[in-house]
Number of protein chains: 2
Amino acid sequence: MAPRTDLAARSALTRRRVLLAAVDLADREGLAALTMRRLAQELEVEAMSLYHHVANKEAVLDGVVEVVVGEIVTAVAGVGPDPAEDWQGALRARILTARQVLLRHPWAPEVIETRTAMNAEIVGYFDGLLGILRAGGFSYDLAHHGMHALGSRALGFTRELFSPADPETGGAEAMATLEQLAGTYPHLAGMLADTAHQDDGVLGWCDDQAEFEFALDLLLDGLDRRLARG
Amino acid sequence: MAPRTDLAARSALTRRRVLLAAVDLADREGLAALTMRRLAQELEVEAMSLYHHVANKEAVLDGVVEVVVGEIVTAVAGVGPDPAEDWQGALRARILTARQVLLRHPWAPEVIETRTAMNAEIVGYFDGLLGILRAGGFSYDLAHHGMHALGSRALGFTRELFSPADPETGGAEAMATLEQLAGTYPHLAGMLADTAHQDDGVLGWCDDQAEFEFALDLLLDGLDRRLARG
DNA sequence: CCAGGCTCCTTACGCTGTACGGGTCACTCC
DNA sequence: GGAGTGACCCGTACAGCGTAAGGAGCCTGG
């Protein structure tokens, strides 16, 4: 029964549409909600229908990374100074732009880190970064080391260790366990006491953006010295 | 039926025994094999019995991190020079020792990065690192930035982006896709050509240990300059 | 002696990814 | 024009996951 004239209305599934829906779903409801059934539901389709456009769930995850990195590639196009004159500035601008994109997809780092193969978008992005270093006078060897040293930071993210799921109560919680153990952890207690009065007090004192830039500049400076050293 | 005199023989389940078995299982068969049923089977027990010693699977994962970091804490005890005289050497020695421990548990980084709360072992380890920086003359503020900059490297690991599951064929595979796209990715192609003749050729040219130390020294040097700068 | 509480087991539920076997459409080619 | 062909989608089913609920045997304290 049920005349399926709605086929056109649903405008036909494509790999692209599946992947965009997956990104959208993860953005709205988190990575855990990204299941094949839920994704299919989002596209008003049955789960098994997805398998005609993607090989399996891994392929979906590969695909969403492709989409997100595509966003990055688009966003970084043309930003920053001329690398031949200021490679540090050029690299810095690109990486901070990439970070802005990833802040819109907080689930993406977790997915990216579980990928084992590159895709065209990623390779292209890295090739661009490498081009900046080369324009700045880097040897292939030093550039290679530099890219490794940047690691995931090159894509604009670093995974914070033990960041509480709920920053609201998480900070206070960590604070409490720390205070009651101040005797056994003198240095942490000291650091806490030192920074407590200059900020709001809880572990929310860590400014992600500032820490990211601090570490990035540390690395860029270090690379610059290696470059000057020859 | 089945007289259960074997209770003593199985020497009674404890939280500790569960966690050690979990670490052992992950070491032997990988993280994917670490399921509640499989773990129970390892301990010659039914899955639900585990829940009398651990709250749930998350608690198991918290626990294995605790065990692994415990190994690290034991391993780093007393290694390296006196931090008051050589904080860089002291920090370096500790971190490289931690790395050795984690190389024995290749699945651990993935678990560690998904934890949201600290445990006593971790806090203790970090307090020790902080102590080294303080002995080296760091302000609490700079030490804090430094710890963030080190990130997971402080525990001896960094997650490589897109490292192939099978390094054997993975490198050659990446190589192949790269070669055929040399035109569109000139810098990567150039780097490949440059390094190909000085090593075995495939992407196995990346020496993890060397890259880790390069980046670590970059950061330590950078911190030293910030320290000297005041 | 026996009540209570650990420990452990059995069963079952809802969820996951996905293999398999269709059914229905748009199109192509004789 | 009618038959075939392939793309697309669905329904059902299975094995495996984490874990809630309840029951059985043993150890210990009153």
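All chains are named by letter (A, B, ...) in the order of the sequence lines, taking the proteins before the strands, and each is independently numbered beginning at 1.
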Exercise. Tell me, which of residues 21-38 of chain A have any heavy atom that sits under 4.0 Å from an atom in DNA chain C?
Worked result: A:Thr35, A:Met36, A:Arg37
For this session: Calculate the interatomic distance between A:Leu39 atom CG and C:dT18 atom P; express it in whole Å.
Result: 12 Å
Problem set entry | Counterpart residues, side chain to side chain contact (heavy atoms under 4.5 Å, CB included), relative to B:Tyr140 (two or more places apart) | A:Met191, A:Asp194, B:Arg134
Exercise. Does B:Ser49 put a side-chain nitrogen or oxygen below 4.0 Å from OP1 or OP2 of C:dC9?
Worked result: yes
Exercise. Sequence neighbours excluded, which residues qualify as salt bridge (charged side-chain N to carboxylate O under 4.0 Å, His left out) partners of A:Asp127?
Worked result: none
Exercise. Which residues satisfy the salt bridge (charged side-chain N to carboxylate O under 4.0 Å, His left out) test with A:Glu121, sequence neighbours excluded?
Worked result: none
Problem set entry | Results of salt bridge (charged side-chain N to carboxylate O under 4.0 Å, His left out) for A:Glu213 - residues two or more places apart only | A:Arg92
For this session: Find the distance A:Gln41:CD to D:dC10:P and express it as a whole number of Å.
Result: 13 Å
Problem set entry | Contacts of type side chain to side chain contact (heavy atoms under 4.5 Å, CB included), residue B:Ala143, not counting sequence neighbours | B:Leu130, B:Leu133, B:Phe138
Problem set entry | Pairing residues for B:Arg104 by the salt bridge (charged side-chain N to carboxylate O under 4.0 Å, His left out) criterion, not counting sequence neighbours | B:Glu71
For this session: Can you figure out which of C:dC9, D:dG11, D:dC9 approaches the side chain of B:Glu46 most closely?
Result: C:dC9
For this session: Strictly below 4.0 Å, heavy-atom distances to any atom of DNA chain C: list the hits from residues 51-61 of chain A, or just say none.
Result: A:Tyr51, A:Asn56, A:Lys57
Exercise. Does NZ or CZ of A:Arg99 lie under 6.0 Å from the centre of the six-membered ring of A:Phe157, at an angle within 45° of the ring axis?
Worked result: no
Problem set entry | Under the side chain to side chain contact (heavy atoms under 4.5 Å, CB included) test, residues paired with A:Ala75 that sit two or more places apart | A:Thr97, A:Val101
Exercise. Rounded to whole angstroms, how far apart are CG on B:Leu43 and P on C:dC9?
Worked result: 11 Å
Exercise. Rounded to the nearest Å, what distance is computed from the CE atom of residue B:Met48 to the C1' atom of nucleotide D:dC17?
Worked result: 13 Å
Seminar exercise, completed: In whole angstroms, the gap separating C1' of D:dC9 from CZ of A:Arg17 amounts to 13 Å
